[in-house]
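Just below is one structure, and these are the notes that go with it.
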Number of protein chains: 2
Amino acid sequence: MADNTPYAPARIRTLPSWLLGRAAARGHRLVGEALATEGIRMMHHAVLSAVAELGPLSQAELSRSLAIDPKDMVAIVNDLQREALLTRAPDPRDRRKNTVTISPAGQELLLRTEQLGDRANAELTAALTPEERAQLVSLLARIL
Amino acid sequence: MADNTPYAPARIRTLPSWLLGRAAARGHRLVGEALATEGIRMMHHAVLSAVAELGPLSQAELSRSLAIDPKDMVAIVNDLQREALLTRAPDPRDRRKNTVTISPAGQELLLRTEQLGDRANAELTAALTPEERAQLVSLLARIL
DNA sequence: GCCCTATCGTAGGGACAACCAACGAATTCG
DNA sequence: CGAATTCGTTGGTTGTCCCTACGATAGGGC
């Protein structure tokens with residue numbers, strides 16, 4: 001039997017918004033599956049990575065730097081704190097804030113999840129040369 | 001007082017999966033807002049466009065060509081049929097299938113929504129030259 | 001013709017990301 | 001000091017994707 005499945009219509013397939021959606025879905029699935037082996041999710045890993053890189057900071061700063069909704073940040077920090085991957089302590093200089101700091105266990109996990117994330121991204125961009133991947137990253141950064 | 005907001009950590013910001021997610025979110029928001037002025041949503045517009053381009057076809061074929069879940073397709077076709085933008089009729093040659101056909105009203109609406117979608121995509125890629133945009137489209141198509 | 005398998009449309013539910021509105025506590029600014 | 005703003009938090013909604021399941025129908029092997 002012939003393959004009579006009609007594939008993505010050209011009108012839609014050439015729209016950046018459509019391609020971005022599909023590519024993001026694939027990336028999300030690949031990275032999600034990879035990180036699942038360490039029992040962590042994308043946003044949690046992103047927060048952990050941001051705390052490690054930017055040092056102790058408030059939840060609001062985290063929300064802004066990662067473009068995550070403050071509401072969602074509460075749940076993420078709750079989860080990470082419950083697993084002792086970071087600490088949340090009231091900021092003595094501004095009692096509205098929580099100072100979020102990565103823990104040694106968080107550092108350790110981050111080493112592994114970063115590798116998993118990198119590998120998933122390598123798979124995601126497997127069809128591209130390193131130069132093309134850099135180009136893609138550059139182009140994406142500019143439309144943000 | 002200086003701007004002390006920490007911005008996207010480099011470790012995350014250079015991951016294609018992260019950039020794709022953010023860019024897709026922006027594209028989704030822009031296109032969604034644009035199409036909302038015609039009272040239609042992204043997936044509905046995509047289905048309408050696919051039916052117009054590929055001609056009458058079944059819901060399963062639509063689902064595959066657009067990578068939309070069959071369950072979600074049911075709801076979308078329901079909506080579009082309710083607004084008389086397409087017709088859904090049993091296929092006499094295979095009574096399991098529904099033959100989906102775009103209506104004149106659907107064609108007419110599609111003309112407007114395609115323009116809205118194009119304009120939103122132009123805004124999405126406003127920071128890019130036409131060559132760069134074509135490059136982005138090409139790179140995205142290759143990682144799919 | 002008859003079983004077995006596959007497909008189609010439809011329905012249920014759930015995971016996850018993104019976003020919006022509001023509120024008390026605390027801080028900062030005019 | 002009073003007003004406006006920020007912060008953390010709780011409450012929702014929406015959209016996309018995934019898995020399961022079921023009756024009806026179709027096709028292949030025998």
Side-chain angles (χ1 to χ4, degrees), chain A residues 1-5 17-18 20-33 35-36 39-47 57-81 88-100 144, chain B residues 1 3-5 17-33 35-36 40-47 57-81 88-100:
Chain A
M1 94 174 47
D3 184 0
N4 62 345
T5 300
S17 58
W18 181 263
L20 282 171
R22 302 308 317 161
R26 186 164 112 90
H28 180 261
R29 180 166 39 83
L30 287 174
V31 175
E33 286 170 358
L35 294 184
I40 199 173
R41 277 170 294 172
M42 262 184 70
M43 288 300 139
H44 295 226
H45 169 253
V47 168
L57 73 177
S58 71
Q59 294 180 200
E61 289 166 329
L62 271 175
S63 295
R64 281 191 297 268
S65 64
L66 292 174
I68 294 179
D69 191 277
K71 168 196 175 56
D72 303 327
M73 185 61 69
V74 172
I76 294 173
V77 175
N78 280 344
D79 293 340
L80 294 174
Q81 186 184 29
R88 173 162 51 183
D91 185 336
R93 299 188 312 168
D94 185 340
R95 290 186 314 196
R96 293 171 304 177
K97 300 185 182 180
N98 285 337
T99 297
V100 177
L144 289 177
Chain B
M1 174 179 306
D3 182 0
N4 62 345
T5 300
S17 58
W18 180 263
L19 290 166
L20 282 171
R22 300 311 313 161
R26 187 164 110 92
H28 182 263
R29 180 164 36 81
L30 286 174
V31 175
E33 287 169 357
L35 294 183
I40 200 174
R41 277 168 295 172
M42 262 185 68
M43 287 301 140
H44 295 231
H45 169 253
V47 169
L57 73 175
S58 71
Q59 294 179 202
E61 289 167 329
L62 271 175
S63 294
R64 282 192 295 267
S65 63
L66 291 173
I68 294 178
D69 191 279
K71 169 195 176 62
D72 302 329
M73 185 61 68
V74 172
I76 294 173
V77 174
N78 280 344
D79 294 341
L80 294 174
Q81 186 183 30
R88 172 163 50 183
D91 185 335
R93 299 189 312 167
D94 186 340
R95 290 186 315 201
R96 292 171 303 179
K97 300 184 181 179
N98 285 336
T99 298
V100 177

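To find a chain, count down the sequence lines: A is the first, B the second, and so on, and within it residues start at 1. This one's a predicted model, so the numbers in the text were calculated from it and none came from an experiment. Just so you know, these numbers use all the heavy atoms, side chains as well, and skip hydrogens, waters and symmetry mates.
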Does Lys71(A) contact dG11(D) through a side-chain donor or acceptor facing the base, at a distance under 3.5 Å?
yes
Below 4.0 angstrom from OP1 or OP2 of dT10(C), is there any side-chain N or O of Arg88(B)?
yes
Map Thr99(A) and Arg29(A) onto DNA chain D by nearest heavy atom, then report which one ends up closer to the 5' terminus.
Thr99(A)
Which of the following nucleotides, dC18(D), dC16(C), dC17(D), is nearest to the side chain of Ala25(A)?
dC17(D)
So, does the side chain of Lys97(A) form a donor-acceptor pair with the base of dG8(D) at under 3.5 Å?
no
Could you give the CG-to-C1' distance, from Asp91(B) to dA24(D), as a whole number of Å?
14 Å
Separation of dC16(C) atom C1' from Arg26(A) atom CZ, nearest Å, is 20 Å
Minimum-distance nucleotide (side-chain atoms of Arg22(B) versus dG15(D), dC19(C), dT25(D))
dC19(C)
Under 4.0 Å: is that the gap between some side-chain N or O of His28(B) and OP1 or OP2 of dC19(C)?
no
Separation of dC8(C) C1' from Arg64(B) CZ (nearest whole Å):
9 Å
Considering only side-chain heavy atoms of Ala60(B), which listed nucleotide, dC8(C), dT9(D), dA11(C), is closest?
dC8(C)
Could you give the CG-to-C1' distance, from Leu57(B) to dG9(C), as a whole number of Å?
14 Å
Spatial distance of atom CG (Leu80(A)) from atom CD1 (Ile40(A)) [nearest 0.5 Å]:
6.0 Å
Mapping Val74(B) and Arg95(A) to their closest nucleotides on DNA chain C, which lands nearer the 5' end?
Val74(B)
dist Thr99(B):OG1 -> Arg93(B):CZ (nearest 0.5 Å) comes out at 8.0 Å
Between CD of Glu61(B) and C1' of dG9(C) the distance, given in whole Å, is 13 Å
Please report the closest heavy-atom contact between Pro70(B) and Ser63(B), naming both atoms and the distance.
CA-OG, 3.5 Å
Return the nearest nucleotide to the side chain of Gln59(A); candidates are dT9(D), dT10(D), dT10(C).
dT9(D)
Classify the nucleic acid contact of Asn98(A) as base, sugar-phosphate or nothing, counting any heavy atom under 4.0 Å across all strands shown.
sugar-phosphate
Can you tell me how far the NZ atom of Lys97(A) sits from the CD atom of Gln59(A), to the nearest 0.5 Å?
12.0 Å
At under 4.0 Å between heavy atoms, what does Met43(A) touch on the DNA or RNA strands: base, sugar-phosphate, or nothing?
sugar-phosphate
Any non-hydrogen side-chain atom of Ile68(B) less than 4.5 Å from a side-chain atom of Leu62(B)?
no
Among the nucleotides dT10(C), dG15(D), dG9(C), which one has an atom lying closest to any side-chain atom of Pro70(B)?
dT10(C)
Value for CG (Asn98(A)) from CD (Gln81(A)), rounded to nearest 0.5 Å, stands at 8.5 Å
Taking the side chain of Arg96(B) as heavy atoms from C-beta outward, which of dG8(D), dA6(C), dC19(D) is closest to it?
dA6(C)
From C-beta outward on Arg41(B), which listed nucleotide comes closest to its side chain: dC17(D), dC8(C), dG15(D)?
dG15(D)
Let me know the distance between CG of Asp94(B) and P of dT25(D), rounded to the nearest Å.
11 Å
Integer-rounded Å distance: dG15(D) C1' and Leu35(B) CG
14 Å
How many Å lie between CG on Leu30(B) and P on dA18(C), as a whole number?
15 Å
Using a heavy-atom cut-off of under 4.0 Å over every strand shown, decide if Arg93(A) touches base, sugar-phosphate, or nothing.
nothing
